[in-house]
Amino acid sequence: MNNKRLPPSFFRQEVTDVAPRLLGKILVRRFADGSVLRLAITEVEAYRGMEDRACHASKGRTTRTEVMFHNGGLVYVYLIYGMYWMLNFVSGAENEPTAVLIRGLEGISGPGRVGRALQLDKSFYGEDLSTSERIWIEDAGQQPKYTATPRIGINYAGEPWISMPWRFVVEK
DNA sequence: GTAAGGATTGGC
DNA sequence: CCAATCCTTACT
C-alpha cells in the first residue's frame, strides 16, 4: 500500500530537521523483476546549500548539482571514486540546494554499500519520491533515538563545516 | 583538450 | 597504507 508514503512536504523543510526525521523511516526499493526490498534508514548526513563547502551545490548550479536546486522530494545520485552510487534526497525549497545523504540502512553500513544493495545508477537522478514505482520512503510510525556527530570524509571543506554535527546515527 | 580529485570500500 | 575506476569540474 502507498498510504504510508512520505509526501513532498516532508522533504520541503530545513535539511537539518529532515535528516534526523528520516531515521527509522522505511526505504522501499522495487526491482524490475517485481521483488521488493524494505529497509529502515539508520544513518544519514545533511548537506546544506551554497554556503556549506562540503555540499556539492557550493560549487554552483552545474549539471551534477542541478537537481539539488529543485523543490524537495527528488532523488540526487552521483558516482564517487568511479564505482559507488551515493543516494541522496533533495530537501528544502526551490533554489535552496540541500540534500540528505543516506549513509546506512538496517544491516547495510556505508553509503557505497547502500547504493550497491539498491542497484542504483544514473537513471535514478531526479526520480520523484512521491510518484516513483521503484523507490520511495514510508513512515514506520516511530522516531528512534539518535546521536549527532560531524560528517564523514569532508575534511577538504574546512571549518566550520567539518565540525557541524550534521551526521545522524540511530542509537543501538 | 587535458588534468586532478572525490560525501568509499576492501584488500594487503 | 593504497589501488580501483570514471565522472565532473577547473583550467589551458
Side-chain angles (χ1 to χ4, degrees), chain A residues 6 10-25 27 29 37 39-93 95-129 132 135-137 146-171:
Chain A
L6 296 183
F10 176 93
F11 299 95
R12 297 174 183 172
Q13 300 172 58
E14 266 296 323
V15 68
T16 47
D17 289 330
V18 174
R21 288 175 193 161
L22 276 169
L23 296 174
K25 295 292 186 294
L27 174 57
R29 170 81 168 91
L37 200 56
L39 297 169
I41 296 171
T42 59
E43 181 181 350
V44 300
E45 278 180 2
Y47 286 87
R48 193 171 182 284
M50 310 274 294
E51 286 190 354
D52 179 3
R53 302 296 296 171
C55 180
H56 291 162
S58 67
K59 295 181 188 300
R61 192 166 186 152
T62 66
T63 304
R64 183 173 67 154
T65 64
E66 168 67 24
V67 74
M68 272 200 278
F69 287 78
H70 289 234
N71 216 331
L74 303 179
V75 172
Y76 166 42
V77 289
Y78 65 91
L79 185 66
I80 190 69
Y81 302 122
M83 56 186 102
Y84 299 111
W85 287 97
M86 301 283 114
L87 173 63
N88 303 251
F89 300 139
V90 177
S91 300
N95 292 316
E96 195 172 84
T98 61
V100 178
L101 168 67
I102 304 304
R103 288 190 61 88
L105 299 173
E106 186 180 5
I108 301 174
S109 181
R113 301 179 79 179
V114 167
R116 192 172 58 188
L118 300 179
Q119 294 175 38
L120 302 178
D121 57 57
K122 72 176 178 182
S123 74
F124 282 84
Y125 186 90
E127 188 92 350
D128 189 333
L129 291 169
S132 176
I135 187 170
W136 65 90
I137 314 296
Y146 64 86
T147 52
T149 81
R151 294 170 291 179
I152 306 297
I154 56 153
N155 288 347
Y156 63 83
E159 295 290 0
W161 312 110
I162 291 178
S163 301
M164 299 305 264
W166 290 346
R167 169 172 173 255
F168 305 94
V169 191
V170 172
E171 283 188 351

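FYI, side chains are in, hydrogens and waters are out, and symmetry mates aren't considered; it's all heavy atoms of this structure. Letters go in sequence order (proteins before strands), and every chain restarts at 1.
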If you check every side-chain atom of A/T65, which of B/dA7, C/dA4, C/dT9 has the closest atom? C/dT9
Using the six-membered ring wherever Trp is involved, compare the ring planes of A/W161 and A/W166 and label them parallel, tilted or perpendicular (cut-offs 30° and 60°). tilted
Would you mind telling me which residue lines up with the more 5' stretch of DNA chain B, A/L79 or A/S109, judged by nearest nucleotide? A/L79
Nearest-angstrom distance from the residue atom CG of A/L120 to P of B/dT8: 15 Å
When rounded to whole Å, the CZ to C1' distance for the pair A/R61 and C/dT9 reads 17 Å
Classify the nucleic acid contact of A/G112 as base, sugar-phosphate or nothing, counting any heavy atom under 4.0 Å across all strands shown. sugar-phosphate
Heavy atoms only, 4.0 Å cut-off, all strands: where does A/I154 land among base, sugar-phosphate and nothing? sugar-phosphate
Within the 4.0 Å heavy-atom criterion, would you say A/R64 contacts the bases, only the backbone, or no part of the nucleic acid? sugar-phosphate
Given B/dT9, C/dC7, C/dA4, identify the nucleotide with an atom nearest to the side chain of A/P111. B/dT9
Value in whole Å for how far the C1' atom of B/dA4 lies from NZ of A/K59: 11 Å
In terms of side-chain heavy atoms of A/Y81, which of B/dT9, B/dG6, C/dT9 is nearest? B/dG6
OP1 or OP2 of B/dT8 sitting under 4.0 Å from any side-chain N/O of A/R103? yes
Return the value, rounded to whole Å, for the distance between atom CG of A/L101 and atom C1' of B/dA7. 6 Å
Pairwise distance CD1(A/I80) to NE2(A/H56) - rounded to 0.5 angstrom: 6.0 Å
Rounded to the nearest 0.5 Å, what separates atom OH in A/Y84 from atom CG in A/L120? 14.0 Å
Which heavy atom of A/E43 sits nearest a heavy atom of A/V169, and at what distance? CG-CG2, 4.1 Å
C/dT5 to B/dT2 separation - P atoms, rounded to the nearest Å: 23 Å
Sugar-phosphate, base or nothing in reach of A/R116, heavy atoms under 4.0 Å: sugar-phosphate
Would you kindly give the OH-to-C1' distance between A/Y78 and B/dG5, to the nearest whole Å? 13 Å
A/H56 side-chain N/O to B/dA7 phosphate OP1/OP2 under 4.0 Å: yes
For A/M86, which contact category applies under a 4.0 Å heavy-atom criterion: base, sugar-phosphate, or nothing? sugar-phosphate
From C/dT9, B/dT9, B/dG6, pick the nucleotide closest to the side chain of A/Y84? B/dT9
Does CD belonging to A/E171 count more than 12 external heavy atoms closer than 6.0 Å? yes
In the structure shown, which nucleotide is the Watson-Crick or G-U wobble counterpart of C/dT8, with both distances under 3.5 Å? B/dA4
Rounded distance in Å - CE (A/M83) to P (B/dT9): 11 Å
Donor-acceptor contact below 3.5 Å, side chain A/Y78 vs main chain A/N88: no
Starting at atom CD1 of A/I80, determine the distance to atom C1' of B/dG5, rounded to an integer number of angstrom. 9 Å
Please report, rounded to the nearest Å, how far the C1' atom of C/dT8 is from the OH atom of A/Y76. 10 Å
A/R167 side-chain N/O to B/dA7 phosphate OP1/OP2 under 4.0 Å: no
